Undergrad: 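First, the structure itself, so that you have it in front of you.
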Amino acid sequence: METIGKRISRLRREAGYTQDTLADVLGITPQAISKWECDITCPDISLLPALAKALGVTTDELLSGKSESEPAVKIVPKDERRDIGDMMLKIVVDSNDGDKVRVNIPMALVQVALEMGMELPQVSNKDCLRGIDLGEIVNLVKAGAVGNLVEVESSDGDVVRIFVE
Amino acid sequence: MKITVSEKNGKEINVWFPTWLILNRFGARITWQVLKKHEVHITSRQLRRLVRAMKKCKKTHPGWRLVEVSEHDGGRVVIDI
């Protein structure tokens, strides 16, 4: 997972700044930027809008790493698609009480499990996923869909997401 | 295969063992019993196929993190294949 320091470093390089030039823009020392990028310290909250503006992103994108313009699901063109066997299905469960579960299953294994008649609740142990057709997810991936394919919020506040990358 | 168990007080236990120790006929038999308990009915032929697929996935996805569970009180369990 990309840390905020690594994200600042990447965005800085993408924006064509050196640590010195970015420090000049923000009116701080290059050492402060170095500490952010090494995840030793974090930027002061009052600096976030100026930092985001300098890096050409929103503060939300700077903090979360998610681009607002980036769609949750995208269709990969046929010539750029990876082999389905190289892809990974990720089931993310964020429970209401703060517990987090991440299950990563290679798509090749998903296909085998599907042929064996397995369903998603058997994998994720969440009844809110009952009724979601694993076969349809595989078909979507075969059609080039990647990203956050399913997002379910149960009545007790648990959030379950299924995404493919 | 590596299993990491971190407790909320900072203690961490790492257990390494060869994947073949799990992905074999005996392991498959145990898995079959567990699946049966969870009302997943599969044949031994299907299970052998699943084990073969897992072995293949281990090669195609080096560093495959199968499960990561983080508890709200700081406990964490990770299984890397």
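Residue numbers start from 1 in every chain, and the chains themselves are labelled A, B, ... in the order their sequence lines are given, proteins ahead of strands. From a predicted model like this one, the values you see are computed outputs, not experimental measurements.
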Undergrad: Once you round to the nearest 0.5 Å, how far does CZ of Arg49(B) lie from CG of Leu109(A)?
TA: 10.5 Å

Undergrad: Would you say Leu66(B) and Phe163(A) are hydrophobically clustered, going by side-chain heavy atoms of ILVMFWY under 4.5 Å?
TA: no

Undergrad: Report, as yes or no, whether the 6.0 Å neighbourhood of atom CZ on Phe17(B) holds more than 12 heavy atoms from other residues, nucleotides or ligands.
TA: yes

Undergrad: Just checking heavy atoms, which of residues 72-81 of chain B are less than 4.5 Å from chain A?
TA: His72(B)

Undergrad: Please enumerate all residues that pass side-chain contact (heavy atoms from CB on, under 4.5 Å) together with Arg29(B), with sequence neighbours excluded.
TA: Trp32(B), Gln33(B)

Undergrad: Quick one: which of Asp97(A), Asp99(A), Asp86(A) has the most heavy-atom pairs under 4.5 Å with chain B, could you say?
TA: Asp99(A)

Undergrad: CD of Glu68(B) to NZ of Lys90(A): how many Å apart, nearest 0.5 Å?
TA: 10.0 Å

Undergrad: Shared ILVMFWY cluster between Leu149(A) and Val76(A), side chains joined below 4.5 angstrom?
TA: yes

Undergrad: With Val57(A), which residues qualify under side-chain contact (heavy atoms from CB on, under 4.5 Å), at least two apart?
TA: Leu11(A), Ala52(A), Leu55(A), Glu61(A), Leu62(A)

Undergrad: Work out which heavy atom in Met87(A) is nearest to a heavy atom in His61(B); give both atom names and the distance.
TA: O-NE2, 3.6 Å

Undergrad: Tell me if the CD1 atom of Ile45(A) is crowded by more than 12 foreign heavy atoms within 6.0 Å.
TA: no

Undergrad: Using the test side chain to side chain donor-acceptor pair (under 3.5 Å), find all partners of Arg102(A) that sit at least two apart in sequence or belong to another chain.
TA: Asp94(A)

Undergrad: Could you state whether Val92(A) and Val152(A) fall into the same hydrophobic cluster, counting links through intermediate Ile, Leu, Val, Met, Phe, Trp or Tyr residues with side-chain heavy atoms under 4.5 angstrom apart?
TA: no

